[in-house]
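Remarks on the structure that follows.
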Amino acid sequence: MEPILFWILGVISVTAGLFAITDRKPLRSIFALIVLMVSNAMTLLVLSLPVLAIELLVVTLGAFSAVWLVLRRSGRLKLGTPGRKRFNITKFIAFFIALWLCVLLIGGVFHPRTASHWVGAGQNAVGPVTGPEGELGGAMALLLLGGAVASSFLVVISRRRLRSEETS
Amino acid sequence: MIPTTHILLLALLQFTIGLLGLMLRRAGMVVLVSAVIMLNGVLLALSAATARTGSTLQAQGVVVILIMVAVALSGAAVLYGFSRFRRSVSVDEHDRMKH
């Protein structure tokens, strides 16, 4: 279960990284970087490091929201004409990021782990191998992955609706 | 069971992608994003070592995250200053330390 999740998250993060450095629009690069960070946080969760995962999400997403605000204030990023009712992508993304944070925090508080789960796994292996802890971590990462897929789907739908509104 | 080499391979991929973006792109924001991607790779490699040896290296991962935040915020401040004086955020146009 965990190797499959690890490779799925790895493919997502590498794809998001390639998208971040190849896209022409800086705003899309930032979105791709957020996807990369969330997938990295889920990878850390699979590796039984919930503290680093929570900190990566909270601190870095906070920093990038500050960057976002600075660029919006400077007038570089114009995401729509004011006064016109539009489908708000930012609210959707913020809602799902908040949902992930809540799940991560609840998992970190109610499921504490000790170092003995990792050390006994063998010489050339990391992460929990067997037992209920490993299954719970895998299920939690699967839940987060489902949230990521659902929110990506919603973002794609909202982008299409925006384009159709603009063309009409 | 995830082998350490696989995690290090993923970290190396992320670091390489960030390095490519840092060398090839001109837009200031994308250069900043590339630097953060490189730091993400470093964090992943460090977390692999953390997960293998125990929780002693976890504090260093926290330090890497803080460095990532410092890079993002300082880069954003520099870009904001550039955009105020020259109305451009392309790094090729900012080759002098005066305006």
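Hydrogens, waters and symmetry mates are skipped; everything else that's a heavy atom, side chains included, is used. Remember, predicted model here, so these are calculated numbers, not experimental data. Just so we're on the same page: letters track the sequence lines, and every chain starts at 1.
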For this session: Could you walk me through whether B:Leu43 and A:Asn40 pass side-chain contact (heavy atoms from CB on, under 4.5 Å), step by step?
Result: CA-CA 9 Å; B:Leu43 175 70; A:Asn40 264 357; 5.9 Å; no

Establish whether [X] and [Y] are linked, either directly or via other cluster members, by ILVMFWY side-chain heavy-atom contacts under 4.5 Å.
| X | Y | answer |
| --- | --- | --- |
| B:Leu32 | B:Leu19 | yes |
| B:Leu39 | B:Leu22 | yes |
| A:Phe6 | A:Val14 | yes |
| A:Trp7 | A:Met42 | yes |
| A:Ile30 | B:Val30 | no |

For this session: Output the option from B:Leu20, B:Asn40, B:Leu24 having the highest count of non-hydrogen pairs under 4.5 Å with chain A.
Result: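 Sorted descending by pairs with chain A, the first entry is B:Asn40.
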
For this session: Counting only heavy atoms closer than 4.5 Å, note whether A:Ser29 contacts chain B via side chain, backbone, both or neither.
Result: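 A:Ser29 touches chain B through backbone and side-chain heavy atoms alike.
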
Exercise. Where does A:Leu18 contact chain B at under 4.5 Å (heavy atoms): side chain, backbone, both or neither?
Worked result: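 For A:Leu18, backbone and side chain are both near chain B.
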
For this session: Measure B:Leu13 against the heavy atoms of chain A and call it side chain, backbone, both or neither at under 4.5 Å.
Result: side chain

Exercise. Can you tell me how far OG of B:Ser47 sits from CG of A:Leu44, rounded to the nearest 0.5 angstrom?
Worked result: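 The OG atom of B:Ser47 is 4.5 Å from CG of A:Leu44, to the nearest 0.5 Å.
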
Seminar exercise, completed: Distance col, row A:Asp23:CG vs B:Arg25:CZ, nearest 0.5 angstrom, shows 7.5 Å

Problem set entry | Shortest non-hydrogen separation from A:Ser13 to B:Leu10 and the atoms involved |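 Closest approach of A:Ser13 to B:Leu10, heavy atoms only: OG-CD1, 3.9 Å.
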
Problem set entry | Beyond-backbone contact of A:Ile21 with B:Val33, side-chain heavy atoms, under 4.5 angstrom |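 Counting from C-beta outward, A:Ile21 and B:Val33 never come under 4.5 Å.
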
